[in-house]
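Worth saying up front: this structure is predicted, and the values here are computed from it rather than measured. We count residues from 1, following the sequence as given. Computed over heavy atoms, backbone and side chain alike; hydrogens, waters and symmetry mates excluded.
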Amino acid sequence: MNPRNSLAATCHRRLVILACSLTLNGSLAAESMPAESKTVQAQEPWSERALANPMSSADFSGRLDQQRLQTLIDAGEHLFTARFTTLDGVGRPMATQAIIPTKRKRAPRSAFSRTAGMDANACSSCHNVPLVGGAGDFTANVFVSEGFQHTDFDTTDPQFSNERNTNHLFGSGLIELLAREMSGELQALRTQALRTARESGEPTSMALSSKGVNFGQLHAWPDGRVATHDIEGVDQDLVIRPFSHKGVMTSLRQFTINALNHHHGMQATERFGERWTGQQDHDEDGVRNELGPGDVSALVAWQAALPPPGRLSPADERWQNAAARGERHFRNAGCNDCHRRTLPLDSLDFADPGHLDAAGTLRHAEATDATYPLALLAWAKQLERDDSGRYLIPLFGDLKRHRIADQSLSALGNELLSQRFVERNVFMTSELWGIASTAPYGHRGDMSTLAEVIDAHGGEARSARDAWSHLNEQQKSDMIAFLKTLVIAP
């Protein structure tokens, strides 16, 4: 299929959704605009509001069937591509981009800013390479600070902000499911270590491993104490946080709420509403209760349902042969020590809200829970399975943080600010699925070729990088040929 034709068809479908709007009615006070405003806007097809009818979580509870799942996904697609306006609540004149609701000291001189935001009209403004939901060019880079409260800045000086390129979202539901299962397995090992220490009366050390990925050791004592200094690549609470370059976002829901506020000034009531801030209009833009839990759930469902990237089967026989050789070079160089071809997944049931998020993001049992059976989607039937029936997710990653830079190879660790307690030269392994479709490369998006970003690997990846550097030009070309088969399909 021609990618341009596919994109045109997708855009046409979104325009139809936008024109027809959604017929679902909001039923929770915290999820809706004032009734009179909502009613008027719903009756005017020419309205400049993107949020014609807020979604209701109550309409999407329990295990969703094919029809209700598709309805929610379509609503999320509408919201992801919608260009929010001031009538929806765009802007946050008296709130910062911080993930903890934080007031500004003074209103900004202009509403839009490429530093502290708001900096985009729609989610798809940045996530669009090669399709909506994809990555972003260098022009779509964002500026992030430490992320909690001190984020009211207006400079690109690296002392105050880190510049980051946009990741693609394809396969992100599978990524979160893997992270949830791995977190559960690691926490079960901690429980086992504590039980063993208590029953034996002796200190116990437990190797931490999940799905073949090693996360170091945990030490437990009979009195319930644990030592975490030998844990590697994951936070001390043993929760895998698979999203963002630094691996600091637990879920699509948390990521979505953060991004809506940061990039658009659209504030979700579950974090910025009365429960946590005591206000219905925390950002003081004149619009109350901008996005309810149902709207966030729709956005989560659409992202979780995005198909995973795939493998291109080149028609060119030379490319086929080169890619086969390149995949062998990739393994022999040790690249797949971190960029693992697959990780096994037990279940395709995506529950939202989840149970691992921190306060400010809805969690299981705090709201109307829903289960999105991703196995109902057409792409799920194409996933490979192992002998135990587990789904083999071809992410080329390990969901673990690694030190990726050193003194002589520092290009991938050149940020001046840590983020969420993660050191400056430590990053989550980038999943390589889709990499051929999502140039440029590097955390800042300032490397134009795959060879450049491979050459920049240092720290824990230094041995693999050195093995790459010892390949001859034909072997390097073969490896690039292999990586160029990891595409986001139209």
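In this structure, the salt bridge (Lys or Arg N to Asp or Glu O under 4.0 Å) partners of Glu284, at least two apart in sequence or on a different chain, are Lys103. For Arg401, the salt bridge (Lys or Arg N to Asp or Glu O under 4.0 Å) test picks out Asp235, with sequence neighbours left out.
Using a 4.5 Å heavy-atom threshold, the side chains of Arg164 and Glu415 count as touching. A 4.5 Å side-chain heavy-atom check between Asp285 and Glu290 finds at least one atom pair inside the cut-off. With a 4.5 Å cut-off on side-chain heavy atoms, Arg271 and Pro101 count as touching. Looking only at side-chain heavy atoms (C-beta outward), Leu169 and Phe255 come within less than 4.5 Å of each other. No side-chain heavy atom of Ile100 sits less than 4.5 Å from a side-chain heavy atom of Trp276. For the pair Phe215 and Leu238, the minimum side-chain heavy-atom distance is 4.5 Å or more. Residues Arg341 and Asn336 fail the side-chain proximity criterion, which asks for heavy atoms closer than 4.5 Å. Counting heavy atoms from C-beta outward, Met94 and Asp283 have side chains that stay 4.5 Å or more apart.
To the nearest 0.5 Å, atoms CE (Met428) and NE2 (His245) are separated by 12.0 Å. To the nearest 0.5 Å, the span separating CG on Asp295 from CD on Glu270 amounts to 10.0 Å. Rounding to the nearest 0.5 Å places OG1 of Thr368 at 11.0 Å from CG of Asp352. The CG atom of Leu395 sits 8.0 Å away from atom OG1 of Thr342, with the distance rounded to the nearest 0.5 Å. Note that the CE atom of Met55 and the CG atom of Leu291 stand 12.0 Å from one another [nearest 0.5 Å]. In this structure, the separation between NE2 on His168 and NE2 on His127 is 11.0 Å, given to the nearest 0.5 Å.
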Practice task
Could you please spell out the steps behind the side chain to side chain donor-acceptor pair (under 3.5 Å) verdict for Gln303 and Thr256?
Solution key: CA-CA 10 Å; Gln303 293 171 85; Thr256 298; 2.9 Å; yes

Problem - Residue pair Glu460, Arg403: steps toward the salt bridge (Lys or Arg N to Asp or Glu O under 4.0 Å) verdict - result: CA-CA 6 Å; Glu460 295 175 48; Arg403 195 172 306 279; 5.1 Å; no

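Without hydrogens or angle criteria, Ser437 side chain to Ile488 main chain gives a donor-acceptor distance under 3.5 Å. Of the possible donor and acceptor atoms, none in the side chain of Asp88 sits under 3.5 Å from a partner among the backbone N and O of Val90. A donor-acceptor distance shorter than 3.5 angstrom exists from the side chain of Lys246 to the backbone of Val426, with no hydrogens or angles considered. Between the side chain of Thr277 and the backbone N or O of His282, no donor-acceptor pair lies under 3.5 Å. Within the 3.5 Å criterion, the main-chain N or O of Leu356 finds no donor-acceptor partner in the side chain of Thr250. A donor-acceptor pair under 3.5 Å is absent between the side-chain atoms of Arg190 and the main chain of Leu218, judged by distance alone. No donor-acceptor pair under 3.5 Å is formed between the side chain of Asp398 and the backbone N or O of Val213. For the pair His264 (side chain) and Arg83 (backbone), a donor-acceptor distance under 3.5 Å is absent. Of the possible donor and acceptor atoms, none in the side chain of Asp74 sits under 3.5 Å from a partner among the backbone N and O of Thr71. Side-chain atoms of Thr81 do not come within 3.5 Å of backbone N or O of Ser124 as any donor-acceptor pair.
Remark: the Ser297 side chain and the Arg253 side chain contain an N/O donor-acceptor pair separated by less than 3.5 Å. For the residue pair Asn141 and Arg114, no side-chain donor N or O sits within less than 3.5 Å of a side-chain acceptor on the partner.
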Donor-acceptor pairs are to be reported for all side-chain atoms of residues 174-181 against protein atoms at under 3.5 Å, with residues two or more places apart or in another chain.
unit_1	atom_1	unit_2	atom_2	d
Glu176	OE1	Leu252	N	2.8
Glu176	OE2	Arg180	NE	3.2
Glu176	OE2	Arg180	NH2	2.7
Arg180	NH1	Ala351	O	2.8
Arg180	NH2	Ala351	O	2.8
Glu181	OE1	Lys211	NZ	2.9
Glu181	OE1	Asp346	N	3.0
Glu181	OE2	Asp346	N	3.1
Glu181	OE2	Ser347	N	3.2

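The minimum heavy-atom distance between Leu399 and Ile240, with the atom names listed, is O-CG2, 3.6 Å. Summarising the geometry of Thr361 relative to Glu366, their closest heavy-atom pair is O-OE1, 3.9 Å, with the distance given to 0.1 Å. Nearest heavy atoms, Leu374 versus Ala305: CD2-CA, 4.4 Å.
In this structure, Phe80 and Trp302 have tilted ring planes: the angle between them lies in the 30° to 60° band.
The local environment of CD in Gln66 is crowded, with over 12 non-hydrogen atoms from other residues, nucleotides or ligands closer than 6.0 Å.
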